[in-house]
Amino acid sequence: MSTLRFHAIKESLAYRPVKIVEEERRSELFGQNVFNLNAMRQYLTNDAFLGVKNAIQFGKKIDRNIADQVASSMKDWALSKHVTHYTHWFQPLTGATAEKHDAFFETIGDDLSIEKFGGSQLVQQEPDASSFPHGGIRNTFEARGYTAWDPTSPAFIYGTTLCIPTIFVAYTGEALDYKTPLLRALSAVDEAATAVCKYFDKNVKKVTSSLGWEQEYFLIDKMLAASRPDIMLTGRTLLGHSSAKGQQLDDHYFGSIPSRALNFMKDLEKECMLLGIPVKTRHNEVAPNQFEVAPIFEEANLAVDHNSLLMDIMGRVAARHNFKVLLHEKPFAGVNGSGKHNNWSLSTDTGVNLLAPGKTPMSSLQFLTFFINTIKAVHKHEALLRAVIASASNDHRLGANEAPPAIISVFIGEQLKKVLEELEGVTKGKLSPKEKTELKLNVVGKIPDVLLDNTDRNRTSPFAFTGNKFEFRAVGSMANCGNPMTVLNTIVAKQLKDFKKEVDALIDKKDLKKDEAVFNVLREYIKSTKDILFEGNSYGEAWEAEAKKRGLSNSKTTPEALKAQISKESIALFEEMNVMSAIETKARYEIEIESYIMHIQIESRVLADIARNHIVPTAVKYQNVLIENVKGLKDIFEKKYLNVSKEQITLIEEISNHIEGINSNVTKMVDERRSANKLTVMDKRAEAYSQKVMPLFDDIRYHCDKLELLVDDEIWPLTKYRELLFTR
Ligand code: ADP
Ligand code: MG
């Protein structure tokens, strides 16, 4: 028992839950390490406080004098909490968060030194950014990028560092991060939605997009994870036979949380409280050792920052509890993958959730307006929505036989479907007073009641209406939510803008009343968007065939799906809504294609290494034991030895076949990789990786997993699925 595997198992069995003290109430901890309005109120002058507040609420610019004051107060606040460094904290397109720490400490001559932090350090920094992905935007001679303060997301303290959320852009102004386009999309949806709200309530001045994410993850013992090179290098298992017990018994979902995991969660939640991340829900997920954490929803930009921050601190807290967090969408074959449901809605500064029906018929008509426009936007841009959640790792959920599928559809439930059917019959043009009353009282007015008993839930839909919000479920667990939130808010903004034009035209040219015009436009939308609505089980062949008839896209791989990101329509859409220039859109596409290629390339190398250098030698070793055994039997039984060594001889042959299977397929895979690397057009290279290299993973894995069943457990080098998934 000399393998790392057994050492790891022994260590992991000795781990006990790490004690967690929970003395203070959560409400007392909440936001303690955040320079939030409460802290600002105490540290800022009234002028500075109002300046920041206006920037947060209405996007007003903060002038230099105020920035100096804010910086100085931020420093005082941070020093009072024993902070020594500050950093601009941003989200480059690598998917991770980035930071470079600078000390407040400065020397000022004459052997004197002070802690210094001024407006200029707060507002803008120039990190040497040449090694962040940029998709060709920055030539080497213009490799500078800069980070700029985002006052809408409050600064926070992590460890002994003051972190200032920032955007990250090229010197020429193009976005190099997730936040910049998101902020532009949020502003676009604010403008378009506020204009539409004015049909219903003149007092609305601002519409905010909200996001409540639900983060799924696996928690694996740290030592066991460390014993698997595939987990360490790719975040998932590339091979491993399924465990005799998996998730068949459904005994993990919502079950009692194992105490080691529970203590990790408590610790994580405490960190979240201090950082102002309002986590509220924790539970076991479907697969063994799979869990979920979800906060109370927040303004979308803040929620995205909080999710990025959470993913980062999860890893650090896990280490304290001897765990490794796997955020990969599909760490284990044969058990459920992980996603990150994005619950999304829009709400007004007057406190109205635009995706919740109101008490009066007029507010319910407002709800219908936003509800139907969202459906229309998703229908029109379904391929783009699919593209924005595409990644090498998410392909394992979306393209494979697992909900949600690669086809985007919208689930609204039978009750709301009936409401839409009734609205479809609304008269063209002017409505009679009787029809109007009938509609307001008995169709639109009844929506709140209808929704009360709208209990049908569809768990397989990638985009579902869940009572007062839409839930975009196809987002991957590793993804930065900034991307899907940018696209969703942009397409809805564009749709609302078009809607307003159509309604205004009917009012001006056909002399319709406001509500008549709204009904007329919505009626046409209902008719034209039926193909995106789907109430059934969203995966499987029947739906695929049906979706094809409806003209919905069904891109199973990332290279295929990403094409929609740079279609003429998408480029025009982002330009029109001032979210991304054509250069920015194309750069993002290139970055994603390259990232896809690199992921598959790394996986392919790791797989080849494990198969050839770990599995084959182990199989040979065991085969030699069998050969010795047969030889011995031959010595004892002489001619009759075949009677007693039949099984061993069959095993020896089987092992040889699998070794051959591994070696020939690894050779094939390496050859395919070489050919792929010769392709200079990146799209073609990505396609080759997806169509030629990837399929060989399965063949290699097949033989390795068969060997796992044949070879003596005592010498098997890789920690097995049952050990990874059931050690708590
Ligand atoms: P479930 O869908 O599991 O029944 P909830 O309805 O409470 O649970 O919501 C799940 C998630 O949706 C939570 O993260 C919650 O914060 C979020 N959520 C609720 N309302 C909204 C909203 N108006 N906008 C965005 N997210 C929301
Ligand atoms: Mg959910």
Keeping [X] on the side-chain end and [Y] on the backbone end, is there a donor-acceptor pair under 3.5 Å?
{"X": "T237", "Y": "G240", "value": "no"}
{"X": "Q91", "Y": "T97", "value": "no"}
{"X": "R473", "Y": "A464", "value": "no"}
{"X": "S604", "Y": "I600", "value": "no"}
{"X": "S227", "Y": "L224", "value": "yes"}
{"X": "D177", "Y": "P92", "value": "no"}
{"X": "N343", "Y": "E471", "value": "no"}

Partner set under ring-ring contact (aromatic ring centres under 6.0 Å, His included) for [X], not counting sequence neighbours:
{"X": "W716", "value": "none"}
{"X": "F156", "value": "W89"}
{"X": "F463", "value": "F470, F472"}

Tell me every residue that passes salt bridge (Lys or Arg N to Asp or Glu O under 4.0 Å) with [X], counting only those two or more places apart in sequence or in another chain.
{"X": "E99", "answer": "none"}
{"X": "R5", "answer": "D713, E723"}
{"X": "R316", "answer": "D312"}
{"X": "E271", "answer": "R320"}

Using a distance-only test with no angle check, is there a side-chain donor-acceptor pair under 3.5 angstrom linking [X] and [Y]?
{"X": "T557", "Y": "D395", "result": "no"}
{"X": "H321", "Y": "N263", "result": "no"}
{"X": "T152", "Y": "N301", "result": "yes"}
{"X": "S210", "Y": "W344", "result": "no"}
{"X": "Y721", "Y": "D705", "result": "no"}
{"X": "E382", "Y": "S553", "result": "yes"}

Excluding sequence neighbours, so at least two apart, what forms side-chain hydrogen bond (donor to acceptor under 3.5 Å, both in side chains) with [X]?
{"X": "T208", "value": "none"}
{"X": "Y86", "value": "none"}
{"X": "E216", "value": "none"}

Do [X] and [Y] come close enough that some side-chain heavy atom pair is under 4.5 Å?
{"X": "L211", "Y": "E299", "answer": "no"}
{"X": "K179", "Y": "V304", "answer": "no"}
{"X": "H88", "Y": "C163", "answer": "no"}

Discussion item. Applying salt bridge (charged side-chain N to carboxylate O under 4.0 Å, His left out) as the test, list every pair that has at least one member in residues 218-238; sequence neighbours left out.
Written reply: D221-R260, R228-D230, R236-E603
Report, one line per pair, each donor and acceptor closer than 3.5 Å where one atom sits in a side chain of residues 329-340; sequence neighbours left out.
| residue | atom | partner | partner atom | Å |
| --- | --- | --- | --- | --- |
| E329 | OE1 | S393 | OG | 2.7 |
| E329 | OE2 | S477 | N | 3.1 |
| E329 | OE2 | M478 | N | 3.0 |
| K330 | NZ | V335 | O | 2.7 |
| K330 | NZ | E402 | OE1 | 2.5 |
| N336 | OD1 | Q247 | NE2 | 3.1 |
| S338 | OG | Q290 | NE2 | 3.1 |
| K340 | NZ | Q215 | OE1 | 2.9 |
| K340 | NZ | N307 | OD1 | 2.8 |
| K340 | NZ | S477 | O | 3.1 |
| K340 | NZ | A479 | O | 2.8 |

Worksheet item: Parallel, tilted or perpendicular for F291 and Y217, by the 30°/60° rule?
Response: tilted
